[in-house]
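Structure first, commentary second.
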4 protein chains.
Amino acid sequence: MKENKKNLSGKQLSKRNAIIKAAIDVFSHKGFHKAKISHIAKLAKVADGTIYLYFNNKENLLVSAFDELTENILNEMKNTINYEKTALDRLLKFFDLHVEMFTKQPAVVRFLAIELRQSPDFYEQHPSYNPLKEYITFIEKLIIDTITENSIRVVDPKALTLIIFGTMDFLLAEWSTKNQPFSLVEMKEKIVDIIHWGIRKG
Amino acid sequence: MKENKKNLSGKQLSKRNAIIKAAIDVFSHKGFHKAKISHIAKLAKVADGTIYLYFNNKENLLVSAFDELTENILNEMKNTINYEKTALDRLLKFFDLHVEMFTKQPAVVRFLAIELRQSPDFYEQHPSYNPLKEYITFIEKLIIDTITENSIRVVDPKALTLIIFGTMDFLLAEWSTKNQPFSLVEMKEKIVDIIHWGIRKG
Amino acid sequence: MKENKKNLSGKQLSKRNAIIKAAIDVFSHKGFHKAKISHIAKLAKVADGTIYLYFNNKENLLVSAFDELTENILNEMKNTINYEKTALDRLLKFFDLHVEMFTKQPAVVRFLAIELRQSPDFYEQHPSYNPLKEYITFIEKLIIDTITENSIRVVDPKALTLIIFGTMDFLLAEWSTKNQPFSLVEMKEKIVDIIHWGIRKG
Amino acid sequence: MKENKKNLSGKQLSKRNAIIKAAIDVFSHKGFHKAKISHIAKLAKVADGTIYLYFNNKENLLVSAFDELTENILNEMKNTINYEKTALDRLLKFFDLHVEMFTKQPAVVRFLAIELRQSPDFYEQHPSYNPLKEYITFIEKLIIDTITENSIRVVDPKALTLIIFGTMDFLLAEWSTKNQPFSLVEMKEKIVDIIHWGIRKG
DNA sequence: GATGAATGAGTTTTCATTCAT
DNA sequence: GATGAATGAAAACTCATTCAT
């Protein structure tokens, strides 16, 4: 049951989802170490022990929450940007969506911004754990498409990915930890302007 | 005595520095919560209790270490870039130095990457905690100078700061947590090329 | 229903027996406290809750299993030794059978060895719990018969019982916990020789 | 500190001894699993955490207590029986002392009788753990001496050891768990009579 | 001032038992 | 009657912090 969520009944699945949702909420406010299982259980309206029917331990709950969250977000984004015709539009739309989605769900942005940075020891012990890999891979693919369709000049896709993701990530972290000190949408547009200018065709 | 390091004798000062150095080392490897005071004490070759003669508590040690670290780094950088003649050169040099310095001191880059992101609760409990504030302010000032000297087009300094710092931060994080998967210097130059292009005069 | 197994249908009885059998197996490997109800249930191929339809709680399951086990063993032994003509032969045969039976069922000897020794608190809470009482009483009766028929000299039956049972118990415990470090049958015969010599007619 | 008690100061040593004493007391009354560390700590008048300065964990505390107890008892016995002239007298004296010592310290006999029987899994995981090994080896040596000095007939020393230790062990277990249902000293003499008779020279 | 032994609050996790289906 | 998901009480253990030496 813990290894696979496919075998769960509808009722169990909704219970599992309630736990994941509560976990994201608590982890994002408290951080992993200060988050208490009993707090998550209370929010999810289950007993403490119930969490252990669905997840092996606290760390596994964090990882599962992270994985499902990024998977869901990415799927939703992919669906939305497909309405754009050119690869460049899709890339720009992706930037918009990233900011928009996280504006609507502040807990989520906190969760991703804070918990992304685990201790180096954590990464050494879990070499395969790469929560944002798909997300970043997807950005890179968008960039390659944009170059291929000749909308922007030829740049190193990895370098551009680092700029785009790093900037978005830091933008949202600053905005949320400093209590929204600037207009997120305006700032985003100024950033896009600079980056876009940096990659436009000569 | 704990609030102020000015009254300390030479011997005490070197003890305090040993503790800070050990703290950065341990925090950067373990993260704040998994770091043990006893481990820091052992590395600094002092007794556990001695740490509490210099710092109020573990959190205070983290904040102090962070502050002194960024202050030192910043001072060193300021000295070095002053040899550059134009503001633009100083900005570009700053980027170079940031990457170079952290390549030489991997623990430091880890430390910044980890400790930069505390939980919202942490920020609420430490309203004055504003890590990197001076660092970021300095970047912003460099940018304003560069615009003023007319070396680049007029962009929002805050926006460009977010791009520069966010990208540098993520670049170093990816490079260190993924075990140096690319040449740091080459990647840096590709990134600088894109950003520079994005802000060059039309 | 829990107190009495007489009202059970055939199907229920076989389910109850499966639980008892599984309980002996698990208790004998894990000891009482480390044995899990869920493990016993799995072995018996019933649901965890089903066990509570037949037994009040874990402790009651232990006591019931113990009682039935010794009862069954004792009945079987009584039947077998009745073929012996003299009381002395029956006593000697009993010793043989004890060793033989437990060689064939190692789980059972472990079970007896472990469960025989509960903590004083356990005995205080279960004043009626007197494991092996019938078994030991039976040995004592055999001894009395043997004295009565004048096959051995007059000794205190209780004392001889302690020797016989204590020796058998420790012999089997040493043999099983130390991984059969000696030939059980040969050792048994050497022991019988000594004890027999100690009680033979002067 | 945990590996070696030789480096401890006098004060620490007395604290360690207080913990061991309290542990024997609590383990012997409650058994290992129902014994609470907090209870042992309270009895020893130390904080819960202090126990972990001297022992790695609960199991290690049990093993340490067991080892030191048997070592102390054995040493005391060796000293005392050395006043006896013949090996046979030493063997008989040993039997006396065993019963006498445990009569004076009921908690100790409960501890040895109950905790000796760990679960088979415990022995599998700790193959080297053989708490009574020295004790039993010593009995065997006494027996060999007795045979050598020609005081008793030639019997298998291992077989006689099993009889002597098994009987003593069970005698004391019955006596203590059944609330002293007979005179221990009288029963002991009846037992010695039988065993002695069984091994006397023909 | 420096030490490090001692403290004890705090939290994850297990598992016997229950009860809705 | 049978099931097994859910419950929640209970306890070992850790580690920041204190304070007697």
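For the numbers below, each heavy atom of this structure counts, side chains included, while hydrogens, waters and symmetry mates do not.
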Nearest-nucleotide pick for [X], side chain only, options being [options]:
X	options	result
B:A47	F:dT17, E:dG4, F:dG1	E:dG4
C:Y54	F:dT17, F:dA2, E:dT12	F:dA2
A:D48	F:dG4, E:dT13, F:dC13	E:dT13
B:K36	F:dC15, F:dA2, E:dA16	F:dC15

Fill in the blank from the handout: Judged by nearest nucleotide, the residue sitting upstream toward the 5' end of DNA chain E, D:K15 or C:N57, is D:K15
Atom-pair distance ([atom1] on [X]; [atom2] on [N]), nearest Å:
X	N	atom1	atom2	answer
C:I40	E:dT17	CD1	P	11 Å
C:K34	E:dA16	NZ	P	13 Å
B:F32	F:dA16	CZ	P	9 Å
D:I51	F:dC15	CD1	C1'	16 Å
D:L53	E:dG8	CG	P	13 Å

Practice task
Between A:G49 and B:K58, just flag the one whose closest nucleotide in DNA chain F comes earlier from the 5' side.
Solution key: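 The 5'-side residue here is A:G49.
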Practice task
Please work out if C:A35 contacts a base, only the sugar-phosphate, or nothing of the nucleic acid, heavy-atom cut-off 4.0 Å.
Solution key: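 The residue C:A35 makes sugar-phosphate contact but no base contact.
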Practice task
Report the relative orientation of the aromatic rings in C:F111 and C:F27; use parallel for angles under 30°, tilted for 30 to 60°, perpendicular for over 60°.
Solution key: parallel
Problem - Partner nucleotide, any strand, of F:dT7 [Watson-Crick/G-U, under 3.5 Å] - result: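 WC or wobble partner is E:dA16.
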Practice task
Using Watson-Crick or G-U wobble geometry with both distances below 3.5 Å, tell me the partner of F:dA2, or none.
Solution key: E:dT21
Exercise for the section: May I ask you to test the D:H33-C:K34 pair for a side-chain heavy-atom distance under 4.5 Å? Expected result: yes
Exercise for the section: Output yes when D:E68 and D:R16 qualify as a salt bridge under the 4.0 Å nitrogen-oxygen rule, no when they do not. Expected result: yes
Practice task
Respond yes when some side-chain nitrogen or oxygen of D:Y52 is under 4.0 Å from OP1 or OP2 of E:dA6, and no when none is.
Solution key: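 It does not, given that no N or O in the side chain of D:Y52 lies less than 4.0 Å from OP1 or OP2 of E:dA6.
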Handout entry: B:T50 side chain near E:dT3 phosphate (N/O to OP1/OP2, under 4.0 Å)
Key = yes
Exercise for the section: Using the six-membered ring of D:Y54, assess whether NZ or CZ of D:K15 lies under 6.0 Å from its centre and within 45 degrees of the ring axis. Expected result: no
